[in-house]
There are 2 protein chains.
Amino acid sequence: MKPKITIYDVAKRAGVSQPTVSKVLNHYPHVKQSTKEKVQKAIDDLGFEPDFLARSLVTNKTRTIGLIVGDIANPFYAETAKVIIKEAQGSGYEVILVDTDYRRDFFEQSVKSLIAKRVDGVIIASITRKNDQIKDLQELGIPIMLYNRNLDSKSVNYIELDNEKGSMLAVEHLITLGHKRIAYISGPIQYSSFQNRLNGYLLGLRKHGIDPHQDLIYEGPFDYENILQYTLRLLVADLHERPTGFIVANDQMAIAVMDAIKRFGLRIPEDMSVIGFDNIDISASPFIGLTTVSQQKKRMAILSIQHLISIIEGKTAIDQSIRITLEPELIIRKTSGSVK
Amino acid sequence: MKPKITIYDVAKRAGVSQPTVSKVLNHYPHVKQSTKEKVQKAIDDLGFEPDFLARSLVTNKTRTIGLIVGDIANPFYAETAKVIIKEAQGSGYEVILVDTDYRRDFFEQSVKSLIAKRVDGVIIASITRKNDQIKDLQELGIPIMLYNRNLDSKSVNYIELDNEKGSMLAVEHLITLGHKRIAYISGPIQYSSFQNRLNGYLLGLRKHGIDPHQDLIYEGPFDYENILQYTLRLLVADLHERPTGFIVANDQMAIAVMDAIKRFGLRIPEDMSVIGFDNIDISASPFIGLTTVSQQKKRMAILSIQHLISIIEGKTAIDQSIRITLEPELIIRKTSGSVK
DNA sequence: CTGAAAGCGCTTACAG
DNA sequence: CTGAAAGCGCTTACAG
């Protein structure tokens, strides 16, 4: 285990003062060419790498950003995290990834840790609508970008999908195919995206003169097993009470719904239609072929990191918040069909 | 934007010296109860949170670990990263996630950044067999855990699967089902896991008196499109030269292979068998139902983070490296069947 | 163009 | 039990 090489070692070897080394490190304009070379040689000889921690303490920049997601094992988050991380790395930032398991206590703890570690900014992909920790970050001047979420309060940057419209597209697609009894499987509506998707479903039905039926709407624990069991319970209903189609608030849950339908012995889409939300990669596979609402996940991810970095580096004025709403697109594959 | 509250502010308000505040912060034993309370009150009043950066500079501990993966969008990495991150968070560590896109230059850059940011340790899930940057980390005394990988050099901690045995299980399963012409789709063999899986395939065939055929082995770019195209090319061969089964070095690629088979109009498993590697979550879905070699991903992930933290915190002696090899298990689903 | 000094926000021996 | 002093490894005015 070698002793750590510091800027002092470099200075001594180059025969200059330690601040001078700092100046060549930071490409200060007024350094004589010859001393620049002496210093550079000493750096190379010693294999010196400046310590970011020490630098951060004085510059107040860590070149680290936080990314908070609800569940990195959900492909939607993994696929977008990839885009965010690559883009950040390309701009010289590292990202601390936090997985909250959709739990409030974990979320709160994480924000504290990220503040303590002085991240330069944070992208939050999983936050409940009401949240006051955002305020802590804002007061400390840490830029925030909400991604796929929105808040009840104002003055926070966000990029989201027009979720309401997304659901309406799904509803209208099914109605066009002759469906009248359409079930809806939601994620927790404390999250704005899930709330808005649910709203869109209700609006879409009403617009076509269909009264939403409480028994056909699920909002509860949204792990695979719970979704599977709920779906099975809906299917055992009398035929005239059984839905003919499902709209599901994300693809991951939609796959669980499809699993239940298949286990129950019904065919998709002949007997039952399913529409998801997110358009994760696997949904395009011919073995899934899920009809789904795309939320332009890559675009959303890249915009959020680019804007965040732009704010961090002072290239975007912060006196006005960034609010971007992307257009949803219905991608029709083979899990949606005409009602019999 | 509030000014940052420091330990000095707390000291002044509590009417004690600044080191005394530090002592109550760190739960030093010899602090009078009454001053402890005074200080705690000042901390609460001001909402003070100690700055980790400053602390790290002196303690030489950042409570941050690095996790390097090849592609976080591959569910295998996402699902295991989740386990690692959750466990780390539970022990008071944050994780910087690095995605290398399997590129050497990105890998090298990342290691430098992680060193500069003084991570307490690093878990590497994607590293080529020959690599000398490991040495840099070791010389700096930064603990390393290789995860799902191994190195040609000695003296590095790793947890891996018996990959050779895994492939042999797959080969023998197909041979038992009557297959003789078995194709193999590999990832880049600079990675030990892929090299060992390929070795197992070759060994398995030879053990049963079958000579491996070069035309049935693919090693090249391993994105979806390339795998799809290669598979299609194999399928157009004359019937007697066409393989009857595929063993694929990971599930993600296996799904691409299945896609090609389906597009070509063949049925799985009636006309063609497919076996993957990893047992990612989606493989268990009835719509995929992939026969695959499980590498106990959750166990592997949790062991690697637990051991790493144990080393970081000095609970494990570092004079001997940790070498753990897990047993593979063949999970037979519905993509493997008897040859016609 | 270069260096002496102060400071970022903490911890840690060391005295007392 | 508490505080004065030094130090972690850098950057940044400020003089010269």
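The shown structure was predicted, so the numbers you read here are calculated from the model rather than taken from an experiment. Values below: all heavy atoms of this structure, side chains included; hydrogens, waters and symmetry mates excluded. Quick note on labels: first sequence line is chain A, next is B, and so on, each numbered from 1.
Residues that satisfy the side-chain contact (heavy atoms from CB on, under 4.5 Å) test with A:Lys41, not counting sequence neighbours, are A:Asp45. In terms of the side-chain contact (heavy atoms from CB on, under 4.5 Å) criterion, A:Gln320 has no residue partners (sequence neighbours excluded). Applying the salt bridge (Lys or Arg N to Asp or Glu O under 4.0 Å) test to A:Asp44 and every residue at least two apart in sequence or in another chain returns nothing. Under the salt bridge (Lys or Arg N to Asp or Glu O under 4.0 Å) criterion, A:Arg299 pairs with no residue at all, not counting sequence neighbours. Under the side-chain contact (heavy atoms from CB on, under 4.5 Å) criterion, A:Asp9 pairs with A:Ile5, A:Thr6, A:Leu46, sequence neighbours left out. Checked against salt bridge (Lys or Arg N to Asp or Glu O under 4.0 Å), B:Arg63 has the following partners two or more places apart in sequence or in another chain: B:Glu313.
Among pairs with a residue in residues 5-32 of chain B, none fulfils ring pair (Phe, Tyr, Trp, His ring centres under 6.0 Å), at least two apart in sequence or across chains. Residue pairs meeting the ring pair (Phe, Tyr, Trp, His ring centres under 6.0 Å) criterion with at least one member in residues 94-146 of chain A, sequence neighbours excluded, are A:Tyr102-A:Tyr191, A:Tyr102-A:Phe222.
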Report task. For each nucleotide in nucleotides 8-16 of chain D, reading 5' to 3', give B when a protein heavy atom comes within less than 4.0 Å of its base, S when such contact involves only the sugar-phosphate, and - otherwise. Result -> BBBBBB---
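Within residues 30-43 of chain B, the residues approaching DNA chain D are B:His30, B:Val31, B:Lys32, B:Thr35, by heavy-atom distance under 4.0 Å.
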Query raised in the report: What pattern of brackets, bars and dots sums up DNA chain C from 5' to 3', given Watson-Crick or G-U wobble pairs under 3.5 Å, [ ] for crossing pairs and | for another strand?
Result: |||.||||||||.|||
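Phosphate proximity of C:dG3 to A:Thr20: present, with a side-chain N or O under 4.0 Å from OP1 or OP2.
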Please table the atom pairs, donor to acceptor, closer than 3.5 Å between any side-chain atom in residues 76-83 of chain B and protein atoms at least two apart or in another chain.
from    : atom 1 : to       : atom 2 : distance (Å)
B:Tyr77 : OH     : B:Ala125 : O      : 3.4
B:Tyr77 : OH     : B:Arg149 : NH2    : 3.2
B:Glu79 : OE1    : B:Asp281 : N      : 3.2
B:Glu79 : OE1    : B:Lys297 : NZ     : 2.9
B:Glu79 : OE2    : B:Asp281 : N      : 3.3
B:Thr80 : OG1    : B:Phe76  : O      : 2.8
B:Thr80 : OG1    : B:Tyr77  : O      : 3.2
B:Thr80 : OG1    : B:Tyr147 : OH     : 2.8
B:Lys82 : NZ     : A:Asp71  : OD1    : 2.7
B:Lys82 : NZ     : A:Asp99  : OD1    : 3.2
B:Lys82 : NZ     : A:Asp99  : OD2    : 3.3
B:Lys82 : NZ     : A:Asp101 : OD1    : 2.6

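When the shell of 6.0 Å around NZ of B:Lys4 is examined, it contains more than 12 heavy atoms from other residues, nucleotides or ligands.
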